[in-house]
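Everything below concerns the one structure shown next.
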Number of protein chains: 2
Amino acid sequence: MKDQNIKLAVDAVVFGYKDDGLFVLLVKQKYGPFINQWVLPGGFVKHDEALIDAVYRELLEETNVELDYLEQLYTFGDDIKRDPRFRVVSVAYLGLVNPKRVSIKPDTDALDVAWFRVDNIEILPFDHKLIIDKGIERLQSKLNYKPIGFDLLDDEFVFSDLENLYRTILCRDIDRRNFRKKILSFGILEETKKVKSVGSGRPGKVYTFNKVKYKELEESGFVFEIKFA
Amino acid sequence: MKDQNIKLAVDAVVFGYKDDGLFVLLVKQKYGPFINQWVLPGGFVKHDEALIDAVYRELLEETNVELDYLEQLYTFGDDIKRDPRFRVVSVAYLGLVNPKRVSIKPDTDALDVAWFRVDNIEILPFDHKLIIDKGIERLQSKLNYKPIGFDLLDDEFVFSDLENLYRTILCRDIDRRNFRKKILSFGILEETKKVKSVGSGRPGKVYTFNKVKYKELEESGFVFEIKFA
DNA sequence: CCAAAAGTGTTAACTCTACACCCATGA
DNA sequence: TCATGGGTGTAGAGTTAACACTTTTGG
């Protein structure tokens, strides 16, 4: 154990949804073995820092992003050589944010920051592609049993926004009528008096997600669960 | 980062099912800050060792147990003082084994090993009670959508064994008829020609779990999923 | 023959799926 | 007025939930 000199890092897979696509936040490395290349935001944990605090800190330092949702994803530490310099074990986190609510900018620790469509990402340094894949998997399955889609949407949205989000992230078609019926039956959406036009066509009713109501229902045994036609 | 001196450990929550109860494997510490106390098997990762290999190694060294099932559970690293000596981040794993298939014995690195009923465990050193709770949660939810119950049973079992396992671990009653119908409908059990008596009463048919068949079905889109009456 | 556990089927309630037409708006 | 997307209901299929008696064995 004395000769254990493993470094501990955190990485964040931060998803954003916009323009009918799922995006992930990458930064251009300012230091490190893959300088000038795009990688997941993240970095080494300080000696007296909680893992989760390290994630928030790195995100601020590198991207100026504050998240709407964050959970631990998986710890990558089986591949001894995942970092070419020395042994690094990374605890990966999954974050969600509405890109509109943040202004990404490379702060002190990155050369650049940008959103990349997940379906355009081919290879990345380290095992970051693997980490992203794991994140997508988690996001997809979690959409079916937790109302996390709302963290990716505007506070006020029309039904087609929500439909498209599910369609996009799950890569499958969904039945508009059945989907709407199901979601509305949960009683966790508030109908506002507004309407909103998306392009041409008839404007849709604007809804908001009532998080408080959802938490109450969850307490009393309700389970958010979606099956698709 | 240079002054980061975090030590990395693994811990294993190994569940066993016997005598109509759910048990967890604990070891009596031979070294360390809680010497002579019962803790989860685990220890420091070697510098050039994959995390998962560290788990297997520690289990052998401390308990002589080889597992039927192992998956990563969660990484505990937010509490800076979870180890009173220095900063230790622990990657916890969830293991399953049929207690009959292993002979636990304290090997080189532990004073003693034993199975403890999970409902008897009150407090443990470090945050090991937390880790166990997380493990139970994962086990309970996973029973509903993966056939991991079979890793806790004998190769040959009668239906009431499976029922009782679900009843015990999920802490709720289940309808025998509906449960049997559901499980049989999956077509992943083989009926043998044997019967087995459990105490007095009519002997039951003996079944085996056809793992190969399950894997095939899973490949072609089948999802093991249980809802309870 | 009694106690204990195994085995078995049906019905009603519910949920899911599939599906098509009219409506409101902007161009 | 046309193109675009929004809003809506129903019937059939499938699934789940509730429920009780007979069978087989060991004592």
Side-chain angles (χ1 to χ4, degrees), chain A residues 18-21 143-145 149 153-154 156-168 170 172-208 217 221-229, chain B residues 19-20 143-145 149 153-154 156-168 170 172-208 217 221-229:
Chain A
K18 58 174 183 170
D19 308 331
D20 283 333
L143 272 181
N144 294 303
Y145 62 93
L153 284 184
D154 294 349
E156 303 198 319
F157 55 88
V158 295
F159 236 96
S160 59
D161 293 332
L162 191 61
E163 283 164 28
N164 286 328
L165 184 146
Y166 272 83
R167 247 191 283 271
T168 302
L170 299 180
R172 68 162 90 152
D173 204 17
I174 58 177
D175 183 285
R176 282 168 56 223
R177 271 186 286 194
N178 293 338
F179 181 75
R180 165 186 282 252
K181 241 181 303 179
K182 188 64 182 271
I183 300 278
L184 286 178
S185 75
F186 295 154
I188 57 179
L189 294 192
E190 303 293 334
E191 189 174 326
T192 67
K193 290 183 175 121
K194 305 182 197 169
V195 291
K196 201 181 82 175
S197 268
V198 178
S200 72
R202 174 174 173 178
K205 292 181 197 163
V206 170
Y207 291 87
T208 59
L217 287 170
F222 162 78
V223 189
F224 179 96
E225 191 185 22
I226 301 181
K227 296 264 186 67
F228 291 96
Chain B
D19 307 332
D20 283 332
L143 271 182
N144 294 303
Y145 63 93
L153 284 183
D154 293 350
E156 303 199 319
F157 54 88
V158 294
F159 236 97
S160 59
D161 293 332
L162 192 61
E163 281 164 30
N164 286 328
L165 184 146
Y166 272 82
R167 248 192 282 270
T168 302
L170 299 180
R172 67 162 89 153
D173 204 18
I174 59 176
D175 182 285
R176 283 170 55 224
R177 271 186 285 193
N178 292 337
F179 181 75
R180 166 187 282 253
K181 240 180 304 180
K182 188 64 181 269
I183 299 280
L184 286 178
S185 76
F186 295 154
I188 56 179
L189 294 193
E190 302 294 332
E191 189 176 326
T192 68
K193 289 182 176 121
K194 305 181 197 170
V195 291
K196 201 181 82 175
S197 268
V198 179
S200 72
R202 174 174 173 178
K205 291 182 199 163
V206 170
Y207 291 86
T208 60
L217 288 169
F222 161 79
V223 189
F224 180 97
E225 190 184 23
I226 302 182
K227 298 264 185 67
F228 290 96

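What you see is a predicted model; the values in this text were computed from it and never measured.
- To the nearest angstrom, P of D/dA17 lies 12 Å from CD1 of B/I226.
- Of the two residues contacting DNA chain D, namely B/D175 and B/K182, the nearest-nucleotide position lying further toward the 5' end is that of B/K182.
- For a distance-only test at 3.5 Å, the side chain of B/R177 fails to qualify as a donor-acceptor partner of the base of D/dA17.
- Taking the side chain as every heavy atom from C-beta outward, A/F228 and A/L170 approach each other to under 4.5 Å.
- Distance A/D161 CG to D/dG6 C1': 12 Å, rounded to the nearest Å.
- Note on B/G204: only backbone sugar-phosphate atoms sit closer than 4.0 angstrom, heavy atoms only; bases stay farther off.
- Within the nucleic acid shown, A/F179 has no heavy atom closer than 4.0 Å to any nucleic acid atom.
- Across all strands, A/K181 comes closer than 4.0 Å to base atoms (heavy-atom distances).
- At a cut-off of 3.5 angstrom, counting only N and O atoms as typed in the model, there is no donor on one side facing an acceptor on the other between the side-chain of B/R180 and the base of C/dG7.
- Here C/dA24 presents its P atom at 5 Å from CZ of A/R202, a figure rounded to the nearest Å.
- Between the NZ atom of B/K196 and the C1' atom of C/dG7 there is a distance of 17 Å, given to the nearest Å.
- In this structure, B/I183 atom CD1 and C/dG7 atom P are separated by 14 Å, rounded to whole Å.
- The pair B/E156-B/K196 fails the salt-bridge criterion, with no side-chain N (NZ, NE, NH1 or NH2) lying under 4.0 Å from an Asp/Glu carboxylate O.
- Between the CG atom of A/N164 and the P atom of D/dG5 there is a distance of 10 Å, given to the nearest Å.
- Separating the NZ atom of A/K227 from the P atom of C/dC14 is a distance of 17 Å, rounded to the nearest angstrom.
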